[in-house]
Asker: 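Can you keep this structure in mind? I'll have questions shortly.
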Amino acid sequence: QVQLVESGGGLVQAGGSLRLSCAASGRAFSSYTMGWFRQAPGKEREFVATITWNDASTYYADSVKGRFTISRENAKNTVYLQMNSLKPEDTAVYYCAATRYGPTTARVLNLMSTYDYWGRGTQVTVSS
């Protein structure tokens, strides 16, 4: 069992940056594939980025590729999402997700069903 707590959200102008953090409780953080998803008002939750447990491979949604960077610090049980060049369409609640010894193929890492644990989310608002 792992509990996830997101932080770092807020209000930022278009073109600005934010860094989200997700702190995980429990042991064996290094054995979890970690992902970020987001949900905008009136829309379904969508995949943003993921980092695998075994070799820290990263995968991104096309909409954020080149602007967002996911990373992890296993010694601190934390995964980060650095968001640069933010756009108003990035406005959403951002959720952290985890799955232990999860799959490492991109084909399934963008699916919500792949992840067993979820945080409560942090709001990101980008003004134009």
Side-chain angles (χ1 to χ4, degrees):
Q1 192 84 5
V2 63
Q3 293 184 329
L4 306 173
V5 179
E6 303 95 335
S7 62
L11 173 64
V12 63
Q13 289 188 334
S17 298
L18 281 175
R19 188 176 81 156
L20 305 184
S21 299
C22 172
S25 66
R27 301 179 178 179
F29 176 76
S30 61
S31 65
Y32 287 85
T33 285
M34 303 297 297
W36 286 97
F37 287 73
R38 66 186 182 186
Q39 188 167 16
K43 295 188 176 181
E44 294 186 349
R45 195 171 299 188
E46 64 176 6
F47 169 75
V48 176
T50 191
I51 185 165
T52 62
W53 67 273
N54 55 334
D55 62 1
S57 293
T58 57
Y59 302 96
Y60 297 92
D62 288 343
S63 58
V64 307
K65 205 171 292 185
R67 300 188 298 122
F68 291 10
T69 302
I70 188 171
S71 62
R72 65 190 301 157
E73 195 168 356
N74 289 340
K76 294 187 176 182
N77 282 17
T78 301
V79 63
Y80 305 99
L81 185 68
Q82 178 66 44
M83 306 186 295
N84 299 329
S85 303
L86 282 161
K87 305 175 181 180
E89 50 263 44
D90 294 318
T91 295
V93 177
Y94 283 72
Y95 296 91
C96 178
T99 181
R100 193 172 187 196
Y101 296 127
T104 56
T105 54
R107 182 171 57 86
V108 296
L109 288 173
N110 62 344
L111 302 177
M112 287 181 58
S113 58
T114 294
Y115 299 86
D116 303 306
Y117 305 101
W118 292 83
R120 293 188 175 184
T122 185
Q123 176 71 47
V124 171
T125 303
V126 184
S127 63
S128 57

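Note that the structure is predicted; figures quoted are calculated from it, not measured.
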Asker: What's the separation between atom CZ in Arg100 and atom CG in Asp116, rounded to the nearest 0.5 Å?
Answerer: 11.5 Å
Asker: Can any side-chain N or O of Ser128 pair as donor or acceptor with the backbone N or O of Pro88 at less than 3.5 Å?
Answerer: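 The answer is no, because no donor-acceptor pair under 3.5 Å joins these two groups.
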Asker: I'd like to know if Val48 and Val126 are part of one continuous hydrophobic network [Ile/Leu/Val/Met/Phe/Trp/Tyr, side-chain heavy atoms within less than 4.5 Å].
Answerer: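 Linked, Val126 and Val48 end up in one cluster.
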Asker: Which heavy atom of Thr52 sits nearest a heavy atom of Asn54, and at what distance?
Answerer: OG1-OD1, 3.1 Å
Asker: Establish, yes or no, whether the cationic atom of Arg72 lies under 6.0 Å from the six-membered ring centre of Phe29 and within 45° of the ring axis.
Answerer: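 Yes; both conditions hold, so Arg72 lies above the ring face of Phe29.
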Asker: Distance from Ser57 atom OG to Ile70 atom CD1, nearest 0.5 Å?
Answerer: 11.5 Å
Asker: With hydrophobic residues grouped by side-chain heavy-atom distances under 4.5 Å, do Tyr32 and Ile51 end up in a single group?
Answerer: yes
Asker: Calculate, to the nearest 0.5 Å, the distance between atoms OG and CD belonging to Ser30 and Glu73 respectively.
Answerer: 13.0 Å
Asker: Work out which heavy atom in Leu81 is nearest to a heavy atom in Ala49; give both atom names and the distance.
Answerer: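 Shortest heavy-atom separation between Leu81 and Ala49 comes out as CD1-CB, 4.2 Å.
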Asker: By side-chain contact (heavy atoms from CB on, under 4.5 Å), which residues pair with Ala40, not counting sequence neighbours?
Answerer: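 side-chain contact (heavy atoms from CB on, under 4.5 Å) list for Ala40, sorted by chain: Lys43, Ala92.
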Asker: Taking Gln13 for the side chain and Ser127 for the main chain, is one N or O donor matched with an acceptor at less than 3.5 Å?
Answerer: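 Here the side-chain-to-backbone pair does not exist.
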Asker: Side chains of Asp90 and Val124: does their closest heavy-atom pair fall under 4.5 Å?
Answerer: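 Not in contact.
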Asker: Determine the minimum heavy-atom distance between Leu4 and Cys22, stating which atoms define it.
Answerer: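 Heavy atoms only, the tightest pair is CB-SG, 3.9 Å.
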Asker: Write down the atom of Ala98, the atom of Met34, and the distance for their closest heavy-atom approach.
Answerer: CB-SD, 3.5 Å
Asker: Can you confirm whether Gln3 is buried at CD, in the sense that more than 12 heavy atoms of other residues, nucleotides or ligands lie under 6.0 Å from that atom?
Answerer: no
Asker: Can you tell me how far CE of Met83 sits from CZ of Arg67, rounded to the nearest 0.5 angstrom?
Answerer: 9.5 Å
Asker: Might you point out which heavy atoms bring Leu18 and Gly8 nearest each other, and give the distance in Å?
Answerer: CD2-O, 3.8 Å
Asker: Check for a donor-acceptor pair, side chain of Ser85 on one end and backbone N or O of Gly15 on the other, with a separation under 3.5 Å.
Answerer: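 Such a contact is absent between Ser85 side chain and Gly15 backbone.
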Asker: Strictly distance-based, threshold 3.5 Å: is any side-chain N or O of Thr69 a donor or acceptor partner for the main-chain N or O of Gln82?
Answerer: no
Asker: Between Arg38 and Glu46, does a salt bridge (charged side-chain N to carboxylate O under 4.0 Å, His left out) hold up when you go through it step by step?
Answerer: CA-CA 5 Å; Arg38 66 186 182 186; Glu46 64 176 6; 2.7 Å; yes
Asker: Is the side chain of Thr125 donor-acceptor paired with the backbone N or O of Thr91 at a distance under 3.5 Å, no angle test?
Answerer: no
Asker: Got Gln39 and Tyr95 here, is their nearest side-chain heavy-atom distance under 4.5 Å?
Answerer: yes
Asker: What's the shortest heavy-atom distance between Ser25 and Val2, and which atoms?
Answerer: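 Nearest heavy atoms, Ser25 then Val2: O-CG2, 3.0 Å.
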Asker: Show your reasoning for whether salt bridge (charged side-chain N to carboxylate O under 4.0 Å, His left out) applies to Lys65 and Asp62.
Answerer: CA-CA 5 Å; Lys65 205 171 292 185; Asp62 288 343; 3.1 Å; yes
Asker: Can you pull the ring-ring contact (aromatic ring centres under 6.0 Å, His included) pairs that have at least one residue in residues 37-81, sequence neighbours excluded?
Answerer: Phe37-Phe47, Phe37-Tyr115, Phe37-Trp118, Trp53-Tyr101
Asker: Does a side-chain heavy-atom distance below 4.5 Å link Thr50 with Asn110?
Answerer: no
Asker: Kindly indicate whether the side chain of Lys76, heavy atoms from C-beta on, has any atom under 4.5 Å from the side chain of Ser21.
Answerer: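 Not in contact.
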